[in-house]
Each structure stands twice: as C-alpha cells, then as structure tokens.
Amino acid sequence: MAEKQKHSLVKSGLRLSFVTLLSRILGLVREMTKAAFLGTGSYADAFGIAFQLPNLFRRLFAENSISVAFIPTFRSYIEDIHTEEDKRGTQDFISATLTLVTFLTTLVVLLGIIFTPLLIKLFYGSADAATVPEAVFLTRIMFPYLIVVSIAAFFQGILNGVDIFTPSGFAPVLFNMIVITATYVLAPHMANPARAMAVGVMAGGCVQALFQLPFVFKTKWHISFTSLKKAFTNPGTIKVITLILPTIVGMAAYQVNDLVSSTLAKRAGIGIYSSLQYSLRLQELILGIFAVSIGSVILPDMSGLAKKKQWDEFSGMLVRAIQIITLISIPVTFYSLITGREIISLIYKSRNFTEESVQMTLSVFRFHMAGLVFIAINRILSPAYYAQSNTTLPTAGGLLNFGVNIALAAVLVHPMSGSGIALALSVASFANTVFLFAAMPRTHSVNTKKIVTSFISYAAKITAFSLIASVPTYILRPFIIRLFSGHNRLISDGMPVVLTACIFAVTGAVLLIVTRDPIAQTVTGKLSRRIKK
C-alpha cells in the first residue's frame, strides 16, 4: 500500500509539476518583461505595490479558503454521497460557497477602490511621493482582479476535490501569456508600460477563471448562485467558516507581515522594493513548480486518509512528500548561491534593468535562497494539518513567523537595507518550520518521531551531497565565465548557467544513484518503463 502511494504521489506530482513548470517559466518571462520595461525604478515600485494589494486579499479569499476549508469539506461531502438527497446537499453547498466568495470579494473590492489613496500612502514616504497618483491609478485598475481570481480558485477547489489537477495548473499559463502580450502590444499606446501590464492582469484573471469552467461542467456539478441567507446558513459553508475563522488571525498576521515588509522596503529607497520582488519571483519559481504542486496533490488524499483514520498511510505520504521537497530545494539552494549573478543577469538584465539592478537584486537573492528549504517544507506541513481539520496550529506558526519576521526586518533594514528584509524572511520561515514539527505530537495521530527523524537524516544526506556537487561547480565556474565573456547575455551568462548546472546535476545524480536513493530509484524506474514502452 505504501509503495503504491509512493508511486501515485510521484506520478501525480510530476504531471502537475510539468504543467506548473510551464506556468512558472512564463511567470518568469512575465517578470523579465517587467524588468525590461520598468527596471527597478519608481514605476516598477508603483506597479508592484498596486498588484500586491489585491494579492493580499486573494491569499485570504482564494488560497486560504479553498485549501484550508473548501477542499476538505467538499471531499467529505463527496465521500458521503449515497442518495439523491446527499447529491442535492452537495450541490447546495457548492452554490452557497460560490455566492459567499463572490459577495465577500465584491464588497472588499468596492471598499478597496474607495480607500485606495489611503492604502497607497502607507507605503510611500516623502522621497518618492510624486508617483503616488500613478500607484493609486494602477491599484484601482487591478483591484477587481480579486473577484475573478477568487472565482478561479473556487473552480480549482472543485476540480482538485475530484482529483483533477491539470486544468487548474494550466490556467496560470494563460494568465502569464496575456500579461506578457498586453505589455508588448499596449505599452506604446499608453502613458507608461505599468498601465499596459495592469490591463493585462485584469484580462488574464478573467481568462484564468473562464478556462476552468468547461472542466467544472464535466464534473456534473452546476455553477449557480443562491440567496445570501442560504449562503450564510448552509451547513457546509458554516463548517467552512468555522475552519477558516481560526486562520483569520494567522492570515491577518501574514497580510500585516507582507504589508510592513513592503513598507520598510519602499521607504528604504527607490528600487529596494522592486529588487526584493524580482528576487522572490526567482525563489517562487522553484516553490511553485514543486512545493505548491506536491501540496495540491497530497491535500485531497490526506483529507481522505485522515477521515478514515489511516494514520500509517497518512504519515508515509507526508514523509514521502517532505523527502521529495528536500531533494529538490537543498541542491537548488547551493547551486543558486554559487551562480546567482549569472542567473539574475541572464533572466533580467536588459533595457532598464542595469548592472546596478543586477547587484541590488543579487544582494537580496542570496538571503532569500537561504530560506528556500524551510519555506518549501512549510508548504507541505501546513496541508498536513489542514487535512486533519486542524487550523489552529498552522495559525500559531503563522503568528510566530509574523513576529520574528517583523522584528528582524525592522532591526536589519537600516544596516543591511533590502538584504536585511530578505534575511528576516528566511529566519522567520526556519522558526515556522521548527514550530510545525514541534507541534505534531499535539495532533495525537501522525508518527511524529518517524516524520522528524526521516526529514533530519534525509536533509543531512542531501546537504552533504550538495556540498560535494558544489566543489567542481565552484572551481570550474570562473573558467567557464571567462570562456564565454564578451558575447550577448544569452551566451555570456546563459552558457555558464547551463554548463555549471550540468556539472552540479550530474555530480548529484551520480551520488544519488550510487547510494540507491529511494526517490531517485522511483523516478529512474518510471523513466525506464516509459522508454521500454
């Protein structure tokens, strides 16, 4: 049974990861487009802040509500369908949830548009006050994005609840394509490129929701609204609200966390906020491909195992997911610390993204990458708690994360500028990981000793392998850089990235194969079977 789950998790994760990889690559192209048109100047800061505000609420209404509450509740409804009445009850729950999400997000958008000038002034000091009106204008264009992206997340919840993952993984691909296209097409005809990107964000959000709709129809569940009274009194939505309420404090802390960090960055000087955002996008490329994918795949299955109280299988699935994330995130961290300059130059350096922008982004990127493994592990541990309908402990971890991050950021921003803010995030993520592991015995269900011991031992092994793989990469890097210097950036930066990545990957792969690593064996086994076919 455990072996079957291991193969199923790897298979589902690889399938979703492939689609998500395409999305994240295009997301990176979107950031490259932003870097080319806006650089690290005042318009880049204005667009980043304007886009951040609806995103803050999106995490509450979309990601938080769907992952924490809707999917586990919807899954329990599906598993209890035995009669037509049960089916009607499930349909009523779907309609009530859609009504609730649409009503709340519309209310927030209306209030957000009205109070945008006050919200924007929180970020700006006197040094860059001239771009405040533009930031207000951009925010008002993009605030309605909250409504459509929340509906898109609701559709994703339905699909993931019935084990359909690919359409939801592909929807962001369309979003990124539309934002990129809109920027290139509309920028010459608008006051500045930031406005073109803002229009693209709204258009992309609408397509993101509409694309998933036909797949939802194929599940035979209807998309309809109901009265607000029924929406707030439906037993399913009451359960969803009950599950969400403990997380409101944690999510509010997260929002304030992000808000304060952004304010500190914006007030630290022009370009600091943008450089942090460019660095985070590179970090999220890895997190989005693997951590989010694995988290999305395991949540429905874990919810089912928790409902059946199959705790051995539950613990085994969690251990496997943590090992997969560890195998990916630790080597990527080591490699990125060695070749960060070439990666940033290759991806971003063009037009308005100058050598100064590269250096500014590199200084924060190194500290962001130091916390990659902990952020990735948190994206796996939190769904494990949610699957058990336990939202209190992840919320407490969120509060700890908030406190550590804000305290350190406030202290470090003056001596270290943006690097201090990045370091604060990494340390806070580490504290959150320690807390989530330490809190496991309180669940009285999972095998805490097995999970923690397997993580520490496996992380130690992968760290040792990464150190070994780093040696030839570090030694050969200067020679490879000199060999390709003097050409355009695709050659002078691209070839060193490709060749050093090959050296690092081959060395690591040999170590994994020689030591008969279980994850490596699973992947190579699947590849060999496909080749034989």
Side-chain angles (χ1 to χ4, degrees), residues 17 21 24-25 28-29 31-32 35 275 278-279 281-287 289-290 324-350 353-373 376 419 422-423 426 458-517 519-521 523-524 527:
S17 292
L21 172 62
R24 294 294 167 168
I25 289 173
L28 201 57
V29 175
E31 286 302 301
M32 293 167 66
S275 65
Y278 288 125
S279 173
R281 291 300 170 270
L282 288 177
Q283 185 190 68
E284 288 172 0
L285 174 67
I286 306 302
L287 291 173
I289 294 170
F290 299 106
I324 293 171
I325 287 300
T326 303
L327 175 60
I328 295 162
S329 57
I330 291 179
V332 167
T333 298
F334 276 84
Y335 176 75
S336 298
L337 291 175
I338 296 171
T339 61
R341 176 179 289 279
E342 291 75 55
I343 293 172
I344 292 170
S345 296
L346 172 64
I347 293 173
Y348 292 132
K349 191 176 180 182
S350 66
F353 201 93
T354 62
E355 181 60 34
E356 181 183 357
S357 300
V358 171
Q359 185 56 47
M360 191 181 296
T361 305
L362 177 62
S363 65
V364 299
F365 178 67
R366 288 169 174 161
F367 288 102
H368 273 150
M369 291 305 296
L372 178 70
V373 62
S419 299
L423 176 60
S426 293
Y458 196 72
K461 183 180 85 170
I462 299 303
T463 299
F465 286 0
S466 298
L467 279 169
I468 295 170
S470 296
V471 173
T473 308
Y474 182 80
I475 292 173
L476 294 174
R477 172 178 167 266
F479 298 100
I480 296 173
I481 291 174
R482 284 198 295 270
L483 181 64
F484 293 100
S485 64
H487 298 83
N488 62 60
R489 88 175 196 274
L490 291 177
I491 301 298
S492 62
D493 295 313
M495 290 305 297
V497 167
V498 170
L499 292 177
T500 54
C502 289
I503 294 168
F504 189 93
V506 169
T507 307
V510 169
L511 291 169
L512 291 171
I513 293 170
V514 168
T515 57
R516 302 180 67 83
D517 181 83
I519 304 294
Q521 285 185 315
V523 174
T524 53
L527 290 174

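These numbers come from a predicted model, not from an experiment.
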Using every non-hydrogen atom in the two residues, find where Tyr348 and Arg281 come nearest and quote the distance to one decimal. OH-CB, 3.8 Å
Could you measure the distance from the CD1 atom of Ile475 to the OG atom of Ser470? Nearest 0.5 Å is fine. 10.5 Å
Grab the two heavy atoms, one from Ser426 and one from Gly371, that are nearest each other, plus how far apart they are. OG-N, 3.2 Å
Has the side chain of Thr500 got a donor or acceptor atom that lies under 3.5 Å from a matching backbone atom of Val497? yes
Can you list every pair that meets ring-ring contact (aromatic ring centres under 6.0 Å, His included) and has a residue in residues 475-510, with sequence neighbours left out? Tyr335-Phe504
Please answer whether the main-chain N or O of Ala469 pairs with a side-chain N or O of Thr507 as donor and acceptor at a distance below 3.5 Å. no
If you take all heavy atoms of Ile480 and Pro496, which pair is closest and at what distance? CG2-CA, 3.6 Å
Pair listing, salt bridge (Lys or Arg N to Asp or Glu O under 4.0 Å) test, anchored in residues 496-513, at least two apart: none
With sequence neighbours left out, what residues match Ser357 under side-chain contact (heavy atoms from CB on, under 4.5 Å)? Thr40, Phe353, Thr354
In this structure, which one of Leu372, Thr463, Leu467, Ile325 forms a side chain to side chain contact (heavy atoms under 4.5 Å, CB included) with Ile330? Thr463
For the atom pair CG (Leu327) and NZ (Lys461), what is the distance rounded to the nearest 0.5 Å? 8.5 Å
Are the side chains of Ser350 and Arg489 in contact, using a 4.5 Å heavy-atom criterion? yes
Where do Thr515 and Leu512 come nearest, in terms of heavy atoms and distance? OG1-O, 3.2 Å
Working for salt bridge (Lys or Arg N to Asp or Glu O under 4.0 Å), residues Lys349 and Asp493: CA-CA 10 Å; Lys349 191 176 180 182; Asp493 295 313; over 6 Å; no
Might you point out which heavy atoms bring Tyr278 and Ala35 nearest each other, and give the distance in Å? OH-CA, 3.3 Å
Tell me, please, which residues at least two apart from Arg477 pass side-chain hydrogen bond (donor to acceptor under 3.5 Å, both in side chains). Glu342
Measuring from Ile468:CD1 to Leu511:CG, what's the distance to the nearest 0.5 Å? 5.0 Å
Ile462 vs Ser466, side chain to side chain contact (heavy atoms under 4.5 Å, CB included): CA-CA, chis, key distance, verdict: CA-CA 6 Å; Ile462 299 303; Ser466 298; 4.0 Å; yes
With sequence neighbours excluded, what pairs up with Val510 under the side-chain contact (heavy atoms from CB on, under 4.5 Å) test? Val506, Val514
Contact summary for Val364 and Ser275, nearest pair of heavy atoms: CG2-O, 3.7 Å
Please enumerate all residues that pass side-chain hydrogen bond (donor to acceptor under 3.5 Å, both in side chains) together with Thr326, with sequence neighbours excluded. none
Residues in side-chain contact (heavy atoms from CB on, under 4.5 Å) contact with Leu490, at least two apart in sequence or another chain: Leu346, Asn488
Starting at CG of Leu337, measure out to CZ of Phe367 and round the result to the nearest 0.5 Å. 10.0 Å
What's the separation between atom CD1 in Ile338 and atom OG1 in Thr333, rounded to the nearest 0.5 Å? 11.0 Å
If a pair satisfies side chain to side chain donor-acceptor pair (under 3.5 Å) and one of its residues is in residues 361-373, list it, with sequence neighbours excluded. Ser279-His368
Under the rule for side-chain contact (heavy atoms from CB on, under 4.5 Å), what residues qualify as partners of Ser485, not counting sequence neighbours? none
So, using side-chain hydrogen bond (donor to acceptor under 3.5 Å, both in side chains) as the criterion, who are the partners of Gln359 when residues are at least two apart? Arg341
